[in-house]
Amino acid sequence: MSQADDTSHVHPPRRSREPFEAVAMPVERASTIVFRDLETFEQRAERVYDGFSYGLYGTPTSRQLEDHIAQLEGGVRALVVPSGMAALTLATMATCRSGDRVLMPETLYGPARDMILRFLGPLGIEATSYGPRLDAEIAALLDARTRLIWVESPGSATFEVQDVPAIVAAAHRVGALVAADNTWASHLLFKPLTHGVDISMQALSKHAGGHGDLLLGSLAVRDAALFRRLKDTARFLGYGVSPEDCVLCERGLMTMPVRMRHAAATAQTVMSWLAGRDEVSRILHPSLPDHPGHPIWKRDFAGSAAVFSLVLRPDLAPLQSEALRSMRLFRLGASWGGVHSLIAVSDPRKGRTSLDWLPSGPVWRLSIGLEALEDLLADLETAFASFAEAMPKPGHASGRAAE
């Protein structure tokens, strides 16, 4: 049938896809989704959870990634959202209402703690911080209004390991849910759902994406009704994900086990090297026998990630800037889990009441990437050499010759 040019520009000829089949996930981009008849159009709202009704609520590409994540997490369903922060916000808003309480460890991702206190607080959701080493003793903090307990194990910056099964048991006795930020370990090293957690959250921007160019987050659950609560809140908030980002994440998942194993092995050697340096007063990583929660880590985790912190001697604090500037491979960046090695400088003592075990001094969080081990050690050696060069020389007072 002949068409006018204007129509032909909008409606190209249709070509069969048979027998084309690629191993890569196809990119299905859509905002508008069309229906074959009036009946299916009028029933499109029923497809929000499992089918397709509008591009914002899911495409074949995003659904395939969600199914893959649910499989990896050991859950029945998963939801992909624009970022890890979006996932944290969504999980809290879907499970709490005005008058409810949410508990969060002092180690929880800093922006998430701000969100719960400064955004959800004025909406009537009460937030309570707790020490990450409470474990079963968290029961003393729970009451009938407690709806959600967040865990992050290991915790941000200081990496204390929590007894998640003990916290889950205490929470479920009062009818509360438990949500885990499992970004450090990922599903490869720890599966929260198999330990009784209700919502397993990951920032897919980290290990799954793996290349520092992706923003996505996920929530996986064991309960279909809870998935629908999460999905409803996501669509009310207008959360949607790019199919191109989903494809990047799916590609990252394919190489994720190899990348994580390689980086973790390199990190162990880097930590051993750092342990012999006079500039370092302590290394913070769950695999170390003296680390808080190490026995729990041995019991519950399948391995360790390549992200850890070190505490420098206090007298080196004024010299950090020059040391960091001298490095060629380690770059300053607030992320982890990618192919590039990163350093993030922070003071985890702010807002903490349970850090009497941590020595004083600057804290550097390192994420070990895929660079050669010898090059990473040389880069750290350069940084530490700059410390030595900047230290006052014996026999000299600060700023002038000794008298």
Side-chain angles (χ1 to χ4, degrees), residues 107 109-111 154-160 184 206 211-212 262-288 290-291 304-352 355 357-402:
T107 50
Y109 178 53
S156 294
T158 47
F159 302 102
E160 297 97 319
W184 182 90
K206 304 296 195 296
H211 293 77
H262 180 85
T266 303
Q268 289 293 327
T269 304
V270 171
M271 287 191 292
S272 296
W273 184 86
L274 288 168
R277 300 292 308 202
D278 292 337
E279 299 89 348
V280 177
S281 58
R282 183 160 186 173
I283 298 171
L284 312 178
H285 191 271
S287 66
L288 301 177
D290 65 342
H291 193 78
S304 62
V307 187
F308 63 93
S309 291
L310 60 87
V311 184
L312 293 169
R313 294 197 325 254
D315 60 303
L316 299 179
L319 311 177
Q320 293 182 92
S321 182
E322 185 60 34
L324 292 165
R325 194 180 297 116
S326 71
M327 303 182 81
R328 181 176 61 87
L329 298 180
F330 283 94
R331 305 295 298 275
L332 276 170
S335 191
W336 72 63
V339 298
H340 300 91
S341 292
L342 298 172
I343 290 180
V345 180
S346 67
D347 183 1
R349 301 166 187 84
K350 293 179 179 178
R352 295 287 305 272
L355 268 180
W357 60 272
L358 186 70
S360 58
V363 175
W364 289 6
R365 187 186 70 200
L366 277 62
S367 173
I368 303 301
L370 299 187
E371 301 93 343
L373 170 63
E374 59 269 23
D375 291 332
L376 293 177
L377 295 180
D379 212 31
L380 289 165
E381 180 69 63
T382 298
F384 291 152
S386 72
F387 282 138
E389 292 170 3
M391 292 292 287
K393 300 299 185 290
H396 287 76
S398 178
R400 61 185 178 88

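What you see below is based on every heavy atom in this structure, not just the backbone, and it leaves out hydrogens, waters and symmetry mates. FYI, the numbering just counts along the sequence from 1.
The side-chain hydrogen bond (donor to acceptor under 3.5 Å, both in side chains) check on D278 picks up nothing, with sequence neighbours excluded.
For the pair L310/V363, no side-chain contact is recorded, criterion being any heavy-atom separation below 4.5 Å from C-beta on. A heavy-atom distance below 4.5 Å is found between the side chains of L358 and V311. Side-chain contact between W273 and Q268: absent, with no pair of heavy atoms (C-beta onward) separated by less than 4.5 Å. At a threshold of 4.5 Å between non-hydrogen side-chain atoms, the residues F308 and L366 count as touching.
Once rounded to the nearest 0.5 Å, the distance linking OG1 of T158 with CH2 of W357 reads 5.0 Å. In this structure, CZ on F387 lies 6.0 Å from CD on Q320, to the nearest 0.5 angstrom. Note that the CE atom of M327 and the CG atom of L376 stand 8.5 Å from one another [nearest 0.5 Å]. Atom CE of M271 sits about 5.5 Å away from atom CG of L288, to the nearest 0.5 Å. Between the OG atom of S360 and the CG atom of D347 there is a distance of 10.5 Å, given to the nearest 0.5 Å. Going from atom CG of L316 over to atom CD of E279 covers 6.5 Å, rounded to the nearest 0.5 Å.
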### Message
For W364 and V280: C-alpha separation, side-chain torsions, deciding distance, then whether side-chain contact (heavy atoms from CB on, under 4.5 Å) applies.
### Response
CA-CA 10 Å; W364 289 6; V280 177; over 6 Å; no
### Task
Let me see the working for R365 and I343 under side-chain contact (heavy atoms from CB on, under 4.5 Å), right down to the final yes or no.
CA-CA 5 Å; R365 187 186 70 200; I343 290 180; over 6 Å; no
### Message
side-chain contact (heavy atoms from CB on, under 4.5 Å), that's the test. Do T266 and H262 meet it? Break it down for me.
### Response
CA-CA 6 Å; T266 303; H262 180 85; 4.0 Å; yes
### Message
Using side-chain contact (heavy atoms from CB on, under 4.5 Å), reason through R277 and E381 one step at a time and then give a plain yes or no.
### Response
CA-CA 10 Å; R277 300 292 308 202; E381 180 69 63; 2.9 Å; yes
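Closest heavy-atom contact between A383 and S386: O-OG, 2.5 Å. Across all non-hydrogen atoms, the minimal contact from V307 to S367 is CG2-OG, 4.2 Å. Scanning both residues, P348 and A157, for their nearest heavy atoms gives CB-CB, 4.0 Å. For the residue pair I368 and A267, the shortest heavy atom distance occurs at CG1-CB, 3.8 Å. Closest approach of S304 to A264, counting heavy atoms only: O-CB, 3.3 Å.
Judged by distance alone, with hydrogens and angles left aside, the side-chain atoms of E322 form no donor-acceptor pair with the main-chain N or O of L319 at under 3.5 Å.
Residues E160 and T107 have side chains that never bring a donor and an acceptor to within less than 3.5 angstrom of each other.
The aromatic rings of F159 and H285 sit tilted, their planes meeting at an angle between 30° and 60°.
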Contacts table for residues 330-341: side-chain donor-acceptor under 3.5 angstrom, sequence neighbours left out:
from, atom 1, to, atom 2, distance (Å)
S341, OG, G369, N, 2.8
S341, OG, E371, OE1, 2.7

